Amino acid sequence: MKILVLNCGSSSIKYQFIDTESGAALAKGVVERIGMSSAVLSHTRYDGDGIKIAGEILDHQIAIEYVLGVMLSKNHGVIDDKSDIEAVGHRVVHGGETFTDSVLITDEVIKVLQDNIELAPLHNPPNIKGIQAVKRILPNTPQVAVFDTAFHTKMPTKAFLYGIPYELYKKYKIRRYGFHGTSHSYVAHKAAEKLGKSLDSIRIITAHLGNGCSMAAIKNGISVDTTMGFTPLEGLLMGTRSGDLDPSLILYIMGKEGLSLNEAGTLLNKHSGLIGISGESSDMREIQNAVKEGNKRAKYAFDIFCYRIKKYIGSYAAAMGGLDVVVFTGGIGENSSEVREEVCGDLGFLGIELDETRNMNKEEIISKDGSKVPVLRIPTNEELVIAIDTSRIVEEINVKTK
Ligand code: ADP
C-alpha cells in the first residue's frame, strides 16, 4: 500500500510517502516556518532528485496542498493522481488512556483527540490541524492515527501511577504515559529479528536518544516501564529538557525567581538539559566538540547525560529480573560512539561488554562476541512503523466492510 505519513508540528510538517510492500520511501520532505512569509518546502524523491520551494505558507492546509502539488508535479513528482495516496498515517503524540493501538480516524476519534489536548497542549493541536486539513483536501482517503503513547499502554499499574493522591489520577488522568512508542517498538522488533529470538521471550532495554530522549524496559514484547512520564519532560537528560528532578525544587525556583507557571515550564523544557548545564548547545555533537576543547561545563553535561542512561539500565534490568539485549537508537544513540562507550563502561557485572572497534565502526552489533548481553545499534524508522500500521488498520477495515 502507498501511504503518506505526516508528522505535523506547530510550525512544521515532516512527510514521507512510503510503499509498505518494499518499505521504501518514494519521497520525503519537510515544510518549515508554517505561518510565516519565509516558509520553505524541501522535497526529495527516491532517486535523489530534490527541490526547495520558498513562499508564504500560512497554515497546515496550505502546507499540505504544497506537498501534494510537488508530489504530483511533472518534474519532481511520484504520483499521477491524488488517489495514488491510498491512506494517510499521522503521528499523533498523545492518545491518553483511550487509544491502546492505532485507529482509523473518524469524527469521534477527532473529538477524543480534542478532549486530550490538555494532556499534550503543544503537540496534539497541530496533529489535529493536519488531520482536519487532509480531511478537506482528500475527503475520500482513509486516515489513521498512530500514537506515541500506545506502545506503553500495557505498563503495569505500579509503573504508571505516581505517588500522589489517587484521586488526582482519576480526576485529571495524571499518570505515566511514555512517548517515542513507535521507535521503541520498532527497534525492539528489529533487535529480536537480528538475534534470531522471539520478542515474546526476551528482556530488552531500548534507549532512544535524540533531541528528546527516553528509554523503555520491554519484557516479552511489552513495554513494562519507560522514562518519560505524564509529559516528555521526565527521565533522561535531553537537549533542552531537565529530565528527572526533585519536584520541590520547581516550587523553590518559582519562589526565588518569581516565575509564573508558564515561565517555569519554559525553564524546564527549553533552557535545561544539555544547553542549561553547558551554556553552549543542546546539540550533542557540539557538546562533544566542546568537551574535546576542555570545556568543563560541557563535560558535566556529557557526563550527566550518560550517567542517567547507565542508572536506568541498572534499574530496568532489576525491574525485568534480568536483561537480554540493549539497543541504542536516535540521532545520538545511532551516531555517538562516545556516549555508547561511556554508558556501557563498567557494566560487565550485568553481562554488557562493548567492543571498542565495532562501536567506533558503527556496526549493528557493537558488543563483544562473548558479551552475555548483546548491545545493538539500530537506526530507528518511525515513519515506516506509521506506514505499516496505517496499512494494517485500513486493510482490517476493508476486510470488515466487505
Ligand atoms: P530528533 O529527536 O529531533 O528526531 P535526532 O534523533 O535527529 O533528533 O537527534 C538529534 C541529536 O543527535 C542531536 O543532539 C545531534 O547532535 C545528535 N547527533 C547526530 N549525529 C551525531 C554524531 N555523529 N555524534 C554525536 N551526536 C550526534
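Note that the coordinates shown come from a computational prediction; the quantities given were computed from them, not determined experimentally. For ligands, and for the atoms within them, numbers begin at 1 and follow the listed sequence. Residue numbers count from 1 along this sequence.
- Closest heavy-atom approach to atom 26 (N) of ligand 1 within the set Met238, Arg285, Lys362: this belongs to Arg285.
- Assignment of Gly239 to the shell around ligand 1 is not supported, since no heavy atom sits closer than 4.0 Å.
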Between Asn75 and Ser73, is the side chain to side chain donor-acceptor pair (under 3.5 Å) condition met? List the steps. CA-CA 6 Å; Asn75 292 333; Ser73 83; over 6 Å; no

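- Residue contact check: Gly210 has heavy atoms under 4.0 Å from atoms 2 (O), 5 (P), 6 (O), 9 (O) of ligand 1.
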Name the atoms and distances for all side-chain donor-acceptor pairs under 3.5 Å in residues 18-31, with sequence neighbours left out.
from	atom 1	to	atom 2	distance (Å)
Asp19	OD1	Glu21	N	3.0
Thr20	OG1	Met1	N	2.9
Thr20	OG1	Met1	O	3.0
Ser22	OG	Ala24	N	3.2

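- Taking the ring axis of Phe160 as reference, the NZ or CZ atom of Arg175 stays within 45° of it and closer than 6.0 Å to the ring centre.
- The protein non-hydrogen atom at the shortest distance from atom 17 (C) of ligand 1 is Ile332 CG1, 3.5 Å.
- The backbone N or O of Lys270 sits nowhere less than 3.5 Å from a side-chain atom of Arg241 that would complete a donor-acceptor pair.
- Side-chain contact of His152 with Ser223: a donor-acceptor pair under 3.5 Å is present, judged by distance alone.
- For atom 7 (O) of ligand 1, the nearest protein heavy atom (residue, atom name, distance) is Gly331 CA, 4.2 Å.
- Counting only heavy atoms of the protein, atom 2 (O) of ligand 1 lies nearest to Asn211 N, 2.9 Å.
- Within a 6.0 Å radius of CD in Glu118, other residues, nucleotides and ligands contribute 12 heavy atoms or fewer.
- Of all atoms in ligand 1, numbered sequentially from 1 with element shown, those under 4.0 Å from a heavy atom of Gly212 are 2 (O).
- Legend: side-chain hydrogen bond (donor to acceptor under 3.5 Å, both in side chains) pairs involving residues 129-145, not counting sequence neighbours, sorted by first then second residue: Gln61-Arg136, His90-Gln143, Asp107-Lys135.
- Of all protein heavy atoms, the one closest to atom 14 (O) of ligand 1 is Met284 N, 3.0 Å.
- Distance from atom 23 (N) of ligand 1 to its nearest protein heavy atom, with residue and atom name: Asn335 CB, 3.4 Å.
- The nearest non-hydrogen atom to atom 16 (O) of ligand 1, considering only Thr329, Asp283, Asn7, Leu209, comes from Asp283.
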